[in-house]
Participant: 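Handing you this structure, nothing more for now.
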Number of protein chains: 2
Amino acid sequence: MARTRSATFDQQRASILQAAAGLFAERGYEGASMAELAQACGVSKPLLYHYYRDKQHMLFDIADSYMDRLRTIVEQVRERQLPPEDHLRTLIAQFMQEYQHSQPQHMVLVQDVKFLADLQRAQVLGKERAVVEAFAQAIAALKPRLRKKALRVPLAMILFGMINWTFTWLKPGGRMGYKEFAEQVVEMVEHGLAKGNVPTGAASSSN
Amino acid sequence: MARTRSATFDQQRASILQAAAGLFAERGYEGASMAELAQACGVSKPLLYHYYRDKQHMLFDIADSYMDRLRTIVEQVRERQLPPEDHLRTLIAQFMQEYQHSQPQHMVLVQDVKFLADLQRAQVLGKERAVVEAFAQAIAALKPRLRKKALRVPLAMILFGMINWTFTWLKPGGRMGYKEFAEQVVEMVEHGLAKGNVPTGAASSSN
DNA sequence: CCTACCGATCGGTAGG
DNA sequence: CCTACCGATCGGTAGG
């Protein structure tokens, strides 16, 4: 009778993956060694290969499971069937909330997908495309008179730029909070820089 | 009398740097080997070391000279002393024009500065900060009633997100042009998604 | 005695 | 599940 997996197998695997995401984000995929990772996890190098076939499969699991989280957010927001304006606001708020806890995964996704094998990379990019499409539809619903259909995706990418670029400068615990930043993004998307900034329900513009 | 450098030294060096930027962008700094780079340049590997002390100095020169280009754009636009709205529009247009021809450098700047030595990285980040500050000032000039001074830089980062994120999806020669995209960014910055999209001087909204 | 440049190989370290 | 290693390839430099 074959031995079953340890009850803690999945937990160990997840904690290794978390450490790997942090190390890949910090040193880059190629720059991070398996020996470093083993030390960071407090396990031997060969043990890492008990949980993952090779380094590339770790990278794939980081990127793929992270995209699943983002797709889940999109799906949960969609199910609420909010009016167009609230729908987009909620997507932005929920994504920024996720980003606050997923900086390493986000950096790995942006910087290291190029090191995946073709099939793995195609799977991750497919999930990315689905998320972009969801945002593009949310924007199109907000702009029913949008003349050029070809602008849907570029407008979504403008919005993704605002929130995804945060991985280069916005840090958890910093002066600018993720929630406050999400409100600034909503302000920008809805009115640009045209209005005065009264972001958190303070004095109205009539003052 | 000491022999002078070859007349073609600077040209050779520049062409090596261009090839290095392309290779680093494609494979990542650690993933690109000096052997590959030598082959791409059509020279021997030792000859690379005639032009650059080591691999890291190539990386530094790519990032540092690229930041100098961006700072030059900022400076040239500043000298024109345009009214606030035109100033920001021109900055966006000029940056997108530069990005169209500098995708590899831009990707290296975003993805590989972490591999620089502390002093080199500090120099590049200092130049980045100067460019961010110039955009923050341009935005502040456009919003004289901006209440929270702390929002200047985050607003600049929102704008940088829109234009810098293009390195992940916008390709020269693709369906969406850099100039057309710059106009969409200006539209977003000035009015958000509020207005209808009539980007290139087509029919007015009175229709 | 400088520069420009080659074929061959160095000491170390990567993933496995 | 450890120490001890491997085939290969890395960035950088030797002699000439």
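Residue numbering restarts at 1 for every chain, and letters A, B, ... go by the order of the sequence lines.
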Participant: Between C:dG15 atom C1' and A:Met58 atom CE, what is the distance in whole Å?
Facilitator: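 The answer, rounded to whole Å, is 12 Å.
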Participant: Would you kindly give the OH-to-P distance between B:Tyr51 and C:dT3, to the nearest whole Å?
Facilitator: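 Interatomic distance, OH of B:Tyr51 to P of C:dT3: 13 Å.
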Participant: What is the distance from CG of B:Leu47 to P of C:dT3, rounded to the nearest Å?
Facilitator: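 Going from B:Leu47 (CG) to C:dT3 (P), I get 14 Å.
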Participant: Can you sort out which residues in residues 24-38 of chain B have a heavy atom within less than 4.0 Å of DNA chain C? Ascending by number, please.
Facilitator: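 Per residue number, the list is empty: none.
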Participant: Please determine if A:Glu190 and A:Arg89 form a salt bridge, counting it only when a charged side-chain N lies under 4.0 Å from a carboxylate O.
Facilitator: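 A salt bridge links A:Glu190 with A:Arg89.
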Participant: Flag yes if more than 12 heavy atoms outside B:Gln39 fall under 6.0 Å of its CD atom; otherwise flag no.
Facilitator: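 Result for CD/B:Gln39: open.
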Participant: Step through the shown structure and confirm whether more than 12 heavy atoms of other residues, nucleotides or ligands are within 6.0 Å of NZ on A:Lys114.
Facilitator: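 It does: A:Lys114 NZ has more than 12 such atoms within range.
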Participant: Could you summarise the pairing of DNA chain D as dot-bracket text, marking Watson-Crick and G-U pairs under 3.5 Å with ( ) or [ ] inside the strand and | across strands?
Facilitator: ....||.|.||.|.|.
Participant: Roughly how far apart are B:Lys127 NZ and B:Asp64 CG, rounded to 0.5 Å?
Facilitator: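 CG of B:Asp64 is found 3.5 Å from NZ of B:Lys127.
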Participant: In whole Å, what is the span from the CZ atom of B:Phe115 to the P atom of D:dC10?
Facilitator: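 So the two atoms are 16 Å apart, to the nearest Å.
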Participant: Going by distance alone, is a donor N or O of one side chain under 3.5 Å from an acceptor N or O of the other, for B:Thr90 and B:Gln94?
Facilitator: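 Distance-only check fails for B:Thr90 and B:Gln94.
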Participant: Looking at B:His50, does any N or O in its side chain come under 4.0 Å of the phosphate oxygens OP1/OP2 on C:dA4?
Facilitator: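 Yes, B:His50 has a side-chain N/O under 4.0 Å of OP1/OP2 on C:dA4.
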Participant: To the nearest Å, how far apart are B:Gln39 CD and D:dG11 P?
Facilitator: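 Nearest whole value for this atom pair: 14 Å.
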Participant: Expressed as a whole number of angstroms, how long is the span from B:Lys55:NZ to D:dT9:P?
Facilitator: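 Between P of D:dT9 and NZ of B:Lys55: 15 Å.
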Participant: When the distance from OH of B:Tyr49 to P of C:dC10 is rounded to whole Å, what number comes out?
Facilitator: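 Distance check: B:Tyr49 OH to C:dC10 P gives 17 Å.
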Participant: What integer number of Å spans the P atoms of D:dC5 and D:dT9?
Facilitator: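 These two P atoms come out 23 Å apart once rounded.
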Participant: Could you walk me through whether B:Tyr99 and B:His106 pass ring pair (Phe, Tyr, Trp, His ring centres under 6.0 Å), step by step?
Facilitator: CA-CA 7 Å; B:Tyr99 288 178; B:His106 197 98; 4.3 Å; yes
Participant: What is the ring orientation for B:Phe135 with B:Phe160, classed by angle as parallel under 30°, tilted 30 to 60°, or perpendicular over 60°?
Facilitator: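 The rings of B:Phe135 and B:Phe160 sit tilted, inter-plane angle from 30° to 60°.
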Participant: For the pair B:Arg13 and B:Asp10, find out whether any cationic side-chain nitrogen is under 4.0 Å from an anionic carboxylate oxygen.
Facilitator: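 Salt bridge absent between B:Arg13 and B:Asp10.
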Participant: Using the C1' atoms only, state how far D:dA8 lies from C:dG12, rounded to an integer number of Å.
Facilitator: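 Looking at atom C1' only, C:dG12 and D:dA8 are 13 Å apart.
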Participant: Take the protein atom CD of B:Gln56 and the nucleotide atom P of D:dC10, then report the distance between them rounded to whole Å.
Facilitator: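 Roughly 18 Å, once rounded to whole Å.
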Participant: So, OP1 or OP2 of C:dC5: does either fall under 4.0 Å of a side-chain N or O from B:Ser44?
Facilitator: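 Checking C:dC5 against B:Ser44, no side-chain N or O comes under 4.0 Å of OP1 or OP2.
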Participant: Given D:dT3, C:dG16, C:dC6, which nucleotide is nearest the side-chain atoms of A:Lys45?
Facilitator: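 My answer, after comparing the listed nucleotides, is C:dG16.
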Participant: Do NZ/NE/NH1/NH2 and the carboxylate oxygens of A:Arg152 and A:Glu133 come within less than 4.0 Å?
Facilitator: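 Counted as a salt bridge, because a side-chain N and a carboxylate O are separated by less than 4.0 Å.
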